[in-house]
Amino acid sequence: MPTNKFYLAFVIGSMKFGGAERAILNLVNALCKMGYQIDLVLIDGKGEFLPLINEEVKVIDLQSKRSVFAFRKFSKYLSKNNPDGVIAIQNHVQLMVLICTIISKYKGKIVLNEQSTFSENLNGLKGFFQKGLSKILFPMADKLITVSEGVKVDMIRHFPRLTDRIEVIYNPIVATNVSPSSNSSPDHPFFNSDKKVIIAAGRLTKSKNFELLIKAFRLVNNNNEFHLLILGDGEERNNLILLAKKFKIDHFVSLPGFVSDPLTYFSKADLFVLSSNFEGLPGVLIEALSCGCKIISTNCNFGPSEILENGKFGRLVPVNNVDALAKSILLALSEKNDPFLLKKRANDFNIETISSRYDDFFKKLLETSNSE
């Protein structure tokens, strides 16, 4: 593809439903339109977001179940294609990429994109070894991009010698001047009833703590006044369904799985709730803001308080506190909000603005490299 800019390879596990994946989808599509030659390298070429990738972006499927099985294929890719820069997302992918740059003697620039909280995201024996290996390999990177100031602080705590290489660039979340039609209605029966709809979204994992939300919903729905809708999929799906049945609220709780148009759902909901134990920069929170939806979020590390400006644009509650969340849900549902102010805040994360930041970042990094 002819281009007057640079050749970049973004490397990520897959394009399955998730905040990091959606952010990278938006970024590669935007940079491609700006003239960059983009390869999107996937460890396992699966995911709901695949059909949404710009056709000019070249998708490389390493056809590996895990990063550890992709070393040979990615090393061969680097030697053959030699992109100007490699951007690695997710710790297991970052470690694989860094080792492969040694094997292939890659001379281009290496950028690590940190989407989540390093100190929280690596647990158990496997996490212990990944953290140790990160201490050894991360200094090989030319730059580390964190998606929030909080994530930057966390990274500096672990890698103080890399402080000068760490830069904050928010994720591109909101499409400029695009909002769901006020006449469109989500394809779900909850929106056809007279009950208020509480909505949440994300990958159904332990760290997102949707269990907390279901427990809080049980407390507030004594009179069967509300519905709870949780968008997304993941390994906790069956456990969450069973929990709703255990509490005998399953008729008021729905987990429809992945939906391609979550903004339509957010725009019609009465309240959006984020119940996570930890985050990096929760894109679903920004998407809900962009729809003018009222917000409640756990005040977890990191992201929500930064996005909501310490409660200016939504309520913040303690992490893993059922009673506090239940009380805040009732209060929020009884309050009025100003959708215009919420949408204005969300615009700070629009794709055009953030992709421009990335454009400046890559120009500075790669033009300096070429002049040396």
Without hydrogens or angle criteria, can the side chains of [X] and [Y] be said to hold a donor-acceptor pair below 3.5 Å?
X    : Y    : result
E279 : S276 : yes
H188 : S254 : yes
Q130 : Q94  : no
Q115 : N113 : yes
D359 : S356 : no

Worksheet, complete the sentence: Between G283 and I173 the two heavy atoms that sit nearest each other are O-CG2, 3.5 Å
Response to the item:
Shortest non-hydrogen pair, L331 vs S334, comes out as O-OG, 2.7 Å
Worksheet item: Should F226 and I329 be counted in the same cluster of Ile, Leu, Val, Met, Phe, Trp and Tyr side chains packed under 4.5 Å apart?
Response: yes
Practice prompt. Determine whether Y265 and V253 fall in the same hydrophobic cluster, where Ile, Leu, Val, Met, Phe, Trp and Tyr are linked whenever their side-chain heavy atoms lie under 4.5 Å apart.
Written response: no
Just so I know, are the side chains of [X] and [Y] near enough to count as touching, which here means a heavy-atom distance under 4.5 Å?
X    : Y    : value
K5   : K363 : yes
L366 : K109 : yes
L274 : V284 : yes
I53  : N29  : yes
T146 : V153 : no
S134 : L137 : no
V168 : V151 : no
F217 : F252 : yes

Practice prompt. Before giving the answer on side chain to side chain donor-acceptor pair (under 3.5 Å), spell out for E306 and Y170 the whole-Å C-alpha distance, their side-chain angles and the decisive distance to 0.1 Å.
Written response: CA-CA 11 Å; E306 201 167 323; Y170 289 140; 3.0 Å; yes
Worksheet item: Can we call the ring centroids of Y7 and Y36 under 6.0 Å apart?
Response: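 Ring centroids of Y7 and Y36 are no less than 6.0 Å from each other.
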Discussion item. Using 30° and 60° as the class boundaries, would you call the ring planes of F138 and F159 parallel, tilted or perpendicular?
Written reply: parallel
Practice prompt. Sorted by first residue and then second, give each ring pair (Phe, Tyr, Trp, His ring centres under 6.0 Å) pair with at least one member in residues 41-70; sequence neighbours left out.
Written response: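 Listed by first then second residue: F49-F258.
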Worksheet entry | Audit row: F302, F278, ring-ring contact (aromatic ring centres under 6.0 Å, His included) steps and yes/no | CA-CA 6 Å; F302 297 98; F278 62 89; 9.6 Å; no
Worksheet item: Passes salt bridge (Lys or Arg N to Asp or Glu O under 4.0 Å), E167 versus R357? Steps please.
Response: CA-CA 11 Å; E167 187 168 335; R357 284 282 316 277; 3.7 Å; yes
Discussion item. Against N277, only a single residue in T117, N209, T298, N301 fulfils side chain to side chain donor-acceptor pair (under 3.5 Å); can you say which?
Written reply: N209
